[in-house]
Each structure stands twice: as C-alpha cells, then as structure tokens.
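What's counted below: heavy atoms across the whole structure, side chains too, no hydrogens, waters or symmetry copies. Keep in mind it's a predicted model, so treat the numbers as computed, not measured.
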Amino acid sequence: MGFADLLTDAGATMLNNWVSTRSYIVGHGPSQADVAVFKAFTTAPAADKYPHAARWYKHIASHESEFATLPGDPSKAYSTYGPESGDLAINPAKGGAEAEDDDDVDLFGSDDEEEDAEAVRIREERLAAYREKKAAKPKTIAKSVVTMDVKPWDDETDMAALEAAVRGIEQDGLVWGASKLVAIGYGIKKLQINLVVEDDKVSLDELQEKIQDFEDYVQSSDIAAMQKL
C-alpha cells in the first residue's frame with residue numbers, strides 16, 4: 001500500500017502512526033527511505049497534531065548533510081515505503097489487560113535516548129574541534145615600544161661609550177632600536193634610545209637597574225614614552 005500523499009491529513013496521519021513505534025522508515029538506521037519521505041514534506045509536520053511524525057522529521061533533519069551517502073535506493077518514491085494494508089488493521093479482540101500492558105510500554109524512551117546520545121556526541125565533537133583549533137592558534141605576544149632617556153653625569157661623559165654599554169645589555173625579548181643625543185643644557189646631552197620589549201619577558205624596572213649599574217657614565221634613566229604594540 002505505502003504512504004499516501006503526505007501533504008494531506010490522511011498521509012500525515014499514516015506516517016504519524018508508522019513512526020509511533022519506530023525511529024526510521026525501515027531498518028534501524030537512517031536510509032534513503034527516510035530521505036524520500038522527508039523530502040515529500042514542504043514543512044515539518046505539526047507537532048501538536050502529528051507528534052511522532054514531527055519527532056521523526058526533526059531527527060532525520062539532523063542527518064541532512066549525510067543524505068547523499070545514506071544507504072538505500074535514492075530513485076525510489078516515498079510511496080513505495082510505509083504500511084501494507086494488514087499493518088493498518090486493528091485487532092478488536094485484543095483484551096483490556098493486554099492493552100493495559102501496551103500502555104505501560106515506553107515506546108519512545110529508546111528513541112529519546114538515541115537522540116540524546118546523538119546530540120551529546122555532536123556537541124562533544126564540536127567542542128573537541130574548537131579546543132583543537134584554539135590550541136593550534138598562535139598566542140598573541142604582548143609587546144611595547146619604549147623611548148628611554150639616559151642622562152650622563154656631565155658634559156665630559158663619553159656618550160659613545162655610554163651608548164655602547166647600554167646596547168651591550170642583551171636579554172630575551174629585548175630589541176634595541178634607533179637613538180639620538182638630545183641637548184639638555186650646559187653642554188650636556190642625554191641619550192634617547194628606543195627599544196621594543198616583550199612584556200612577559202622584560203621588566204623595565206630591572207632593565208633600568210642594569211643601566212644604572214654603569215655608574216661611570218650614567219646619572220639616571222627615565223621612561224620618556226611607552227606604547228603597546
């Protein structure tokens with residue numbers, strides 16, 4: 001017999017009854033049978049009127065990206081699937097006690113568990129992919145451009161030797177840049193030098209202490225300017 005026009009109430013009701021006791025149109029996994037029936041709908045079945053069909057439709061929609069690779073014959077029409085006439089018959093002789101037993105059976109618990117497990121699997125895969133992508137992403141290194149003033153004792157200080165001593169300080173994360181001598185009065189000039197530092201590796205206070213150790217040349221040092229890169 002197969003499914004009737006699924007866009008009609010009769011067809012949708014037939015599908016609703018068919019999937020009330022199963023997760024898929026045929027077999028125990030998604031197949032081209034599910035794809036054919038799924039594509040026969042223009043919109044999802046109304047959940048208030050066809051709850052089982054709506055559940056099935058939502059579950060199959062989660063496999064939409066796999067439609068082309070699902071097993072089965074994609075050329076078959078949806079009407080080739082579904083109940084035979086005998087499947088629609090209801091046995092009126094079925095006793096009340098047996099009917100009550102059926103009422104106690106949770107026909108959808110396993111389906112809900114399958115869907116919950118599938119949702120958890122997808123979520124975990126996405127989280128794992130996100131963590132992997134985040135771990136592979138290079139971390140941004142915080143750097144600063146600094147302009148430092150180094151003042152000599154007097155106008156007789158050897159400024160070339162002073163600068164050579166300052167540049168002689170080598171440290172991981174420290175790069176010396178351009179420099180110039182700037183007059184500050186009475187024939188005295190200060191060394192103004194640029195440098196780039198990695199913030200996590202270089203302490204400017206410690207660097208100034210090292211410069212201050214050149215006491216034959218250096219009276220003091222100051223941070224004239226600082227900018228984050």
Side-chain angles (χ1 to χ4, degrees), residues 29-30 38 43-44 47 55 57-70 111-229:
F38 180 89
T43 58
R55 171 190 55 78
Y57 186 93
K58 182 179 180 181
H59 180 54
I60 298 305
S62 69
H63 294 280
E64 195 163 4
S65 62
E66 308 166 30
F67 277 5
T69 59
L70 292 178
D111 291 340
D112 291 341
E113 290 173 4
E114 287 179 11
E115 290 182 16
D116 290 344
E118 180 71 8
V120 170
R121 182 186 67 79
I122 293 173
R123 182 171 65 252
E124 290 301 322
E125 286 180 355
R126 289 176 178 174
L127 285 172
Y130 170 76
R131 294 190 192 102
E132 184 177 348
K133 182 178 179 181
K134 188 175 181 180
K137 185 177 181 180
K139 294 183 179 180
T140 302
I141 300 175
K143 295 182 179 182
S144 299
V145 178
V146 180
T147 299
M148 183 179 292
D149 289 342
V150 183
K151 297 176 182 178
W153 287 106
D154 50 37
D155 59 347
E156 295 182 358
T157 300
D158 187 340
M159 296 303 292
L162 184 153
E163 180 174 354
V166 171
R167 290 185 180 276
I169 299 174
E170 296 182 355
Q171 184 177 342
D172 185 27
L174 168 64
V175 178
W176 295 106
S179 65
K180 62 181 178 179
L181 298 178
V182 179
I184 57 177
Y186 302 101
I188 302 174
K189 295 181 179 181
K190 65 181 178 181
L191 172 67
Q192 190 170 84
I193 188 168
N194 295 324
L195 54 146
V196 176
V197 297
E198 292 184 23
D199 298 343
D200 291 340
K201 296 181 178 180
V202 179
S203 166
L204 291 178
D205 289 339
E206 293 179 1
L207 179 60
Q208 285 183 271
E209 288 178 6
K210 291 179 180 179
I211 292 174
Q212 199 66 41
D213 287 341
F214 303 129
E215 54 188 22
D216 290 342
Y217 308 114
V218 178
Q219 179 195 51
S220 63
S221 65
D222 298 295
I223 303 300
M226 182 175 177
Q227 183 178 357
K228 296 290 184 182
L229 282 180

Residue pair [X] / [Y]: nearest heavy atoms and the distance that separates them:
| X | Y | result |
| --- | --- | --- |
| Leu70 | Pro30 | CD2-O, 3.9 Å |
| Asp155 | Gly187 | CB-O, 3.4 Å |
| Arg167 | Ala178 | NH2-C, 4.0 Å |
| Met226 | Ile223 | CB-CG2, 4.3 Å |
| Ser220 | Gln212 | CA-OE1, 3.6 Å |
| Ile193 | Leu195 | O-CD2, 3.8 Å |

[X]: which residues meet the side-chain hydrogen bond (donor to acceptor under 3.5 Å, both in side chains) condition with it, sequence neighbours left out?
| X | answer |
| --- | --- |
| Gln208 | Ser221 |
| Glu170 | none |
| Asp172 | Lys201 |

Take atom CD of Glu125 as the centre, draw a 6.0 Å sphere, and report whether it contains more than 12 heavy atoms from other residues, nucleotides or ligands. yes
Is the count of non-hydrogen atoms from other residues, nucleotides or ligands lying under 6.0 Å from Gln227 atom CD greater than 12? no
Taking C-beta and beyond as the side chain, do [X] and [Y] meet within less than 4.5 Å on heavy atoms?
| X | Y | value |
| --- | --- | --- |
| Trp176 | Val166 | yes |
| Val196 | Val146 | no |
| Ile211 | Met148 | yes |

For residues 179-197, the salt bridge (Lys or Arg N to Asp or Glu O under 4.0 Å) pairs (sequence neighbours left out) are Asp149-Lys190
What distance do [X] atom [atom1] and [Y] atom [atom2] have between them, rounded to the nearest 0.5 Å?
| X | Y | atom1 | atom2 | answer |
| --- | --- | --- | --- | --- |
| Lys151 | Gln192 | NZ | CD | 11.0 Å |
| Glu206 | Gln171 | CD | CD | 7.5 Å |
| Asp200 | Lys143 | CG | NZ | 11.5 Å |

Applying salt bridge (Lys or Arg N to Asp or Glu O under 4.0 Å), can you list everything that pairs with Asp158, at least two apart in sequence or on another chain? none
List in chain and number order the residues that pass ring-ring contact (aromatic ring centres under 6.0 Å, His included) with Phe38, two or more places apart in sequence or in another chain; answer none if no residue qualifies. Tyr57, Phe67
